[in-house]
Amino acid sequence: MAPRPTIIDVATHAGVSKSLVSLALRDAPGVGAATRERILRVADELGYRSNTLAQGLRQRRSTLLGVVVSSLDNPYHTQVVESVEQAAQADGLSVLLAHGARDQGRLADRMNSLLDLNVAGLIVVSSWADPGTLQSAARRAPVIMVGRSLEPVVGIDSVNNDDELGAALVVRHLVAAGHERIAHLTSSRRPAGLARERGYRTAMAAHGLEAHTRVLRRHPGEPATGLLREATAESSTAVFARNDVEAFDVLDHAWDHGLDVPDDLAVVGYDDSALALRARPRLTSVHQPRERMGELAAELLRERLGGRTQDRHEVLRPRLVPRASG
């Protein structure tokens, strides 16, 4: 295998100094347009790629950003990460991504591995991380959470969606459509899931429907069929699912059992992920401003790197997106 080309190779082939190549590759001033164009062309022809880790170590400021997510099977997480990456790129940072498979021990291991690579900071898109692990990480580099921690952690900024408001918007929407027997399907005991359940219960009571409150609690990975059969047997006419993934399980159940959505059963999800537009019928869902959440996380990190020490906790307002499912 041919050795990887170095910055010295680029300088030699372009007939310039190594320092001039460095300036051109960083788009820094001090290089003429024609010379910059020649350097970039030579670098491309040689297949040169900069070693951002070594560059960060030399400058004592890493150009790497660590991003940790709970899992990669929920489109919500991947869409937040895409937004973080775009914002980080604008700040001259490259993203290293790791996932914790919804396991606290694995999350802690991945966070420590990224910190060992001298990342400039960590953005944690998860509510699974142990508060002690988060606090320990924050002593090594700035840590920003996108999501809710199990408990407040001093020294860490956060970006959240107002989950209780989102659940209230669902109940209000379904009540306005004539529903009273509204069930809530959830498999989560995590902070966001619990907040959505609280919002659902509070909203049902506020609409005088406390007697019709029905929480269908499933174990992770458990088929929704039995729980939904129970709900329909109790004459529930609408189901509010904790997220779009679980709402898809409801739609599958309805299809398998000949239920018409929304005439026999209205279905509403949460996250307004890319899945919502792929469903048939298209899924009514609560929109979390994922793009803004990722941008804001990168902005908070930038402020931390700039010297801010006071904690910031940003809570964004969701909105309901009505579609054909209910």
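Note that this is a predicted model, so its numbers are computed, not measured.
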If you define the side chain from C-beta out and look only at heavy atoms, does anything of Glu314 sit under 4.5 Å from Asn160?
no

If every non-hydrogen atom of Pro318 is compared with every non-hydrogen atom of Leu169, which pair is closest and at what distance?
O-CD1, 3.8 Å

Distance-only side-chain donor-acceptor flag, Ser273 / Gln79, under 3.5 Å:
no

May I ask you to decide whether Arg196 forms a salt bridge with Asp163, counting only side-chain N to carboxylate O separations under 4.0 Å?
yes

Which pairs, with at least one residue in residues 259-268 and sequence neighbours excluded, count as a side-chain hydrogen bond (donor to acceptor under 3.5 Å, both in side chains)?
none

Under 3.5 Å, side-chain donor or acceptor atoms of residues 295-302 against the rest of the protein: list the pairs with distances, not counting sequence neighbours.
unit_1, atom_1, unit_2, atom_2, d
Arg302, NE, Asp91, OD1, 3.1
Arg302, NE, Asp91, OD2, 3.0
Arg302, NH2, Asp91, OD2, 3.0

Under 3.5 Å, is there a donor on one side chain and an acceptor on the other for His313 and Ser158?
yes

Nearest-0.5 Å distance, CD1 of residue Ile123 to CD of residue Glu85:
11.0 Å

Pair Ser17, Ser19: side-chain N/O donor-acceptor within cut-off below 3.5 Å:
yes

Looking at Trp128, is its backbone amide N or carbonyl O close enough to the side chain of Ser126 to form a donor-acceptor pair, meaning the two atoms are under 3.5 Å apart?
yes

Check this for me, if you would: do Glu210 and Arg201 make a salt bridge, where the nitrogen-to-carboxylate-oxygen distance has to be below 4.0 angstrom?
no

Find the distance between CZ (Arg140) and CG (Asn112) and round it off to the nearest 0.5 Å.
5.5 Å

Atom pair CG (Leu46) and CD1 (Ile7), whose distance is rounded to the nearest 0.5 Å:
12.0 Å

Under 4.5 Å between any side-chain heavy atoms of Ile39 and Thr35, yes or no?
yes

Specify the closest pair of heavy atoms between Gly326 and Thr284, including all atoms of both residues, with the distance to one decimal.
O-OG1, 2.7 Å

Using the rule that two of Ile, Leu, Val, Met, Phe, Trp, Tyr join whenever any of their side-chain heavy atoms come within less than 4.5 Å, decide whether Val171 and Val215 are in one cluster.
yes

Test: Asp311 and Arg304 ion pair at under 4.0 Å:
yes

With Ile182 as partner, the option from His212, His173, Met204 fulfilling side chain to side chain contact (heavy atoms under 4.5 Å, CB included) is Met204

Does this structure show an ion pair linking Arg290 with Asp272, if we count only N-O contacts that are shorter than 4.0 Å?
no

4.5 Å side-chain heavy-atom contact, Val261 and Arg280:
no

Scan side-chain atoms only and decide if Asp9 and Thr6 contain a donor-acceptor pair under the 3.5 Å cut-off.
yes

Can you tell me if CD on Glu45 sees more than 12 non-hydrogen neighbours from other groups inside 6.0 Å?
yes

Apart from Val154 itself, what residues make up its hydrophobic cluster when side-chain heavy atoms of I, L, V, M, F, W and Y under 4.5 Å apart count as a link, directly or indirectly?
none

